[in-house]
Amino acid sequence: MSLFNQQALNGKRILITGGGTGLGKGVADFFAAHGAEVHLWGRRGAVLEETTREINERHGNRVHYQTVDIRNPEQIDAAMSEIWEKHGPLTGLLNNAAANFIAPTKDLSPRAFEAITSTVMNGAFFTTQACGKRWIADKITGSVVSMLVSWVWTGSAFVVPSAMAKAAIDVMTKSLAVEWGGYGIRINAVAPGPFPTDYAWEMLSPTPESAVGATQASEVPFGHRFGEMHELANALIFLFSDGCDYLTGQTIAIDGAHHLAAPSTFVGLTKLSDDDWKIIRERSQASTATSKAARSV
């Protein structure tokens, strides 16, 4: 159920990174339904094209896409310039793109660490910077919202690179709220609890043995259930709409009090054996290979 009328985001032009699938795709549909022009970035052109087609069939030609690897600052800058030139300035940015998988930290390779942190931390920073510097130069206001996790407050074993990178974006949110506040630019974040999406759940809970607190609805105090897309979308529509200009520098949990209860992290994975981890690694690698194959289409 939406809390807002269908004109709540009229006149808004919002970029969603990682917008072709999962949470990005879900909230893009709600943004378009409430009047926004939506721009989607991701690395899989065919997936972005299909998502754009699906949403436009429901809500008119409100959605556009670009194939962008946000680990590459040059690609970010070129794509951002293209939006400004062809469509006009953005009014909002949703830093949603992410990478993550469960693994014992002692077994992580430098390449695996870089794959996660370069997408989550570097990508969010460079996209925010590219957007913010244009707003400042054009003397216009804007709003940035980043998708984080409750591990920014607690940390979490077995997803250390992601927890580190998300914590960095939490600090960026607080820092830029002060630095850019004088320009009328608001910087906030949300920390969703368990909102299952296909690929994320394949990486975070690939086997029955790996289904622990962080991915179990039964551990959520409010309703013992997963979050629903309209609940997340309502929070984001509020943050991007007019009328909450005084709200900035905040990371808001939307998790049914999950992070206030234990276990809301991956602590349960300490019980797994080496054989369990071998199976998890094999399944995660298979899921990654499927995703990479889709990017090459």
Side-chain angles (χ1 to χ4, degrees), residues 3-4 8-9 11-19 23-24 27 30-31 34 36 41 70 73 76 80 89-98 117 119-156 162-193 195 227 231-260 264-265:
L3 296 175
F4 303 95
L9 295 179
K12 303 300 183 184
R13 184 177 292 115
I14 301 171
L15 168 63
I16 304 174
T17 65
L23 298 182
V27 298
F30 278 89
F31 288 175
H34 287 79
W41 283 6
I70 63 168
I76 290 172
M80 198 73 75
L90 293 170
T91 64
L93 164 65
L94 178 61
N95 286 314
N96 170 72
T117 57
T119 299
V120 176
M121 182 179 70
N122 297 7
F125 172 78
F126 288 122
T127 306
T128 299
Q129 184 191 45
C131 200
K133 71 181 183 182
R134 285 170 169 80
W135 287 333
I136 293 169
D138 293 345
K139 295 181 171 58
I140 57 178
T141 61
S143 177
V144 177
V145 181
S146 298
M147 295 277 246
L148 302 183
V149 289
S150 60
W151 315 325
V152 302
W153 298 301
T154 64
S156 180
S162 174
M164 292 171 63
K166 293 285 191 179
I169 301 308
D170 181 53
V171 172
M172 181 188 80
T173 297
K174 295 178 176 67
S175 302
L176 288 182
V178 175
E179 185 174 338
W180 289 356
Y183 299 111
I185 298 172
R186 296 188 299 113
I187 316 287
N188 290 294
V190 295
F195 283 78
E231 294 169 321
L232 178 60
N234 280 332
L236 292 170
I237 291 170
F238 170 68
L239 289 172
F240 281 119
S241 63
D242 296 326
C244 63
D245 290 349
Y246 212 48
L247 199 166
T248 189
Q250 302 301 307
T251 294
I252 302 169
I254 176 167
D255 68 348
H258 192 222
H259 75 287
L260 300 176
S264 60
T265 67

field: Derivation of the side chain to side chain contact (heavy atoms under 4.5 Å, CB included) call for Val149 and His259
entry: CA-CA 9 Å; Val149 289; His259 75 287; over 6 Å; no

task: Check step by step if side chain to side chain contact (heavy atoms under 4.5 Å, CB included) holds for Leu9 and Ser241.
output: CA-CA 6 Å; Leu9 295 179; Ser241 63; 4.1 Å; yes

- request: Please lay out, stage by stage, how Met80 and Leu90 fare under the test side chain to side chain contact (heavy atoms under 4.5 Å, CB included).
  value: CA-CA 9 Å; Met80 198 73 75; Leu90 293 170; 3.6 Å; yes

field: Trace of the side chain to side chain contact (heavy atoms under 4.5 Å, CB included) decision for Trp153 with Thr251
entry: CA-CA 10 Å; Trp153 298 301; Thr251 294; 3.7 Å; yes

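For Asp138, the salt bridge (charged side-chain N to carboxylate O under 4.0 Å, His left out) test picks out no residue, with sequence neighbours left out. Applying the salt bridge (charged side-chain N to carboxylate O under 4.0 Å, His left out) rule to Asp170 yields the partners Lys174; only residues at least two apart in sequence or on another chain are considered.
Inter-residue side-chain proximity for Val190 and Met147 is flagged as met; some heavy-atom pair is nearer than 4.5 Å. Using a 4.5 Å heavy-atom threshold, the side chains of Asp245 and Thr141 count as separate. Between Ile237 and Phe31 there is a side-chain heavy-atom pair separated by less than 4.5 Å.
The two residues Ala163 and Trp151 have their closest heavy-atom pair at CB-CB, 4.2 Å. Taking all atoms of both residues into account, the shortest heavy-atom contact from Phe4 to Asn234 is CE1-O, 3.3 Å. For Gly18 against Ala97, the heavy-atom pair with the smallest separation is N-CB, 3.7 Å. For Lys166 against Ala98, the heavy-atom pair with the smallest separation is NZ-CB, 4.1 Å.
The closest donor-acceptor contact from the side chain of Thr248 to the backbone of Ile187 lies under 3.5 Å.
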Would you mind writing out the side-chain donor-acceptor pairs for residues 123-133 within the sub-3.5 Å range, not counting sequence neighbours?
| residue | atom | partner | partner atom | Å |
| --- | --- | --- | --- | --- |
| Thr127 | OG1 | Gly123 | O | 2.7 |
| Thr128 | OG1 | Asn95 | ND2 | 2.9 |
| Thr128 | OG1 | Ala124 | O | 2.7 |

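Screening Ile252, Leu232, Asp255 against Pro192 for a side chain to side chain contact (heavy atoms under 4.5 Å, CB included) leaves a single residue, Leu232.
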